[in-house]
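Notes to accompany the following structure.
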Amino acid sequence: MSDLVLTERVDNVLVATLNRPEARNALSPELIDDLSDVLREADADPGVRAIVLTGAGTVFCAGMDLKAFAKGGGKFDGLVWFFRDGIGTPVIAALNGSALGGGFEMVLACDLVVAAEDAKLGIAEVKRGLFAAGGGTTLAARVPLAVALEMGLTGDPVTAAQAERAGLVNRAVPADRVREEALALAGRIAANGPLGVAMTKKLIRERRWAEPDEVMSVFRSKDAAEGARAFAERRTPVWNGS
């Protein structure tokens, strides 16, 4: 693993930081590969119960590295797994700055968003003769259709405050509080039963009721029994993810 993605553990939360500040954290093939690896490894680690994704410097991610794209070098589909299939672990985007193009598509792939008040968010691909092929066209699942179409067809960004009003951003806060707020939110998630959290994320994302076997897989788990015992004994549950 290179230093393109920095990782840090804060209790049961993994903080992953895009680390190309000199390029505004633009998505090069190498950065995409490293981030995909970090996310896969975190999702497979039972000790990681939430992920915070942020960027180094003053920009979260400026999108695709157009210089690398113009040269035709490398592949830019390494995050398709992340965009399309997602991961079971809840992911919080901590926008230390603007998220544009592919950077904004990463935001859409995340579950919750904490953004700096001065951050801008948008899919500007149409301005470069492209379209948002990494998940940006799912925007209408997160905001009203009229808002999604205006953002997608004009390529113009919105402010974090506008995104918060549209329901895309959970919290718009001063830039120096983004990490603190994101970690607090992640900590509240990580304190809950991991099986219940993963199933809740899956079903809400798929917008459906649980199947009987899905219900039983959680309700008959050791964690479910532990949750009930801890409630009766007035203590904090100790989860083991089974």
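In terms of hydrophobic clustering, with Ile, Leu, Val, Met, Phe, Trp and Tyr side chains grouped at heavy-atom distances under 4.5 Å, Val215 and Val218 are assigned to a common cluster. At a threshold of 4.5 Å between side-chain heavy atoms, the hydrophobic network of Ile, Leu, Val, Met, Phe, Trp and Tyr places Ile123 and Leu53 in one connected group.
Within 6.0 Å of CZ on Arg208 lie more than 12 heavy atoms contributed by other residues, nucleotides or ligands. Dense packing is recorded around CZ of Arg235, with more than 12 heavy atoms of other residues, nucleotides or ligands lying under 6.0 Å away. Within 6.0 Å of CZ in Arg20 there are more than 12 heavy atoms belonging to other residues, nucleotides or ligands. The 12-atom threshold is exceeded at CD of Glu214, counting heavy atoms of other residues, nucleotides or ligands nearer than 6.0 Å.
Here the straight-line distance linking atom CG of Leu18 with atom CZ of Arg24 works out to 13.5 Å at 0.5 Å rounding. Atom CG of Leu95 is separated from atom CE of Met106 by 9.5 Å, given to the nearest 0.5 angstrom.
Nearest heavy atom pair, residue Val5 against residue Leu35, reads CG2-N, 3.8 Å. The minimum heavy-atom distance linking Leu108 with Gly135 is given by the pair CD1-O, 3.7 Å. Leu203 and Trp209 get closest at one heavy-atom pair: CD2-O, 4.0 Å. Taking all atoms of both residues into account, the shortest heavy-atom contact from Leu14 to Ala42 is CD2-CB, 3.5 Å. Taking all atoms of both residues into account, the shortest heavy-atom contact from Ala140 to Leu145 is CB-CD1, 4.1 Å.
When side chains are defined from C-beta on, Lys201 does not count as touching Thr89, because their heavy atoms never get closer than 4.5 Å. In this structure, Val13 and Ile51 have side chains that are not in contact, with every pair of non-hydrogen atoms separated by 4.5 Å or more. Ser221 is not listed as a side-chain neighbour of Met216, based on a closest heavy-atom distance of 4.5 Å or more.
A donor-acceptor contact shorter than 3.5 Å links the side chain of Ser28 to the backbone of Leu31. For the pair Asn240 (side chain) and Ser242 (backbone), a donor-acceptor distance under 3.5 Å is present. At distances below 3.5 Å, not a single donor-acceptor pair connects side-chain atoms of Glu164 with backbone N or O atoms of Val169. Of the possible donor and acceptor atoms, none in the side chain of Asp111 sits under 3.5 Å from a partner among the backbone N and O of Ile92.
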Given the rule in the side chain to side chain donor-acceptor pair (under 3.5 Å) test, do Thr17 and Asn19 qualify, once you have shown the distances and angles that lead to the verdict? CA-CA 6 Å; Thr17 303; Asn19 190 38; over 6 Å; no
The test is salt bridge (Lys or Arg N to Asp or Glu O under 4.0 Å); show your working for Arg229 and Glu226 and say whether it passes. CA-CA 5 Å; Arg229 282 195 302 269; Glu226 166 63 9; 3.3 Å; yes
Applying salt bridge (Lys or Arg N to Asp or Glu O under 4.0 Å) to Lys127 and Asp156, what does each step give before you reach the verdict? CA-CA 9 Å; Lys127 293 180 181 292; Asp156 295 337; 3.2 Å; yes
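Listed by first and then second residue, the side-chain hydrogen bond (donor to acceptor under 3.5 Å, both in side chains) pairs involving residues 178-190 are Glu8-Arg179, Arg177-Glu181 (not counting sequence neighbours).
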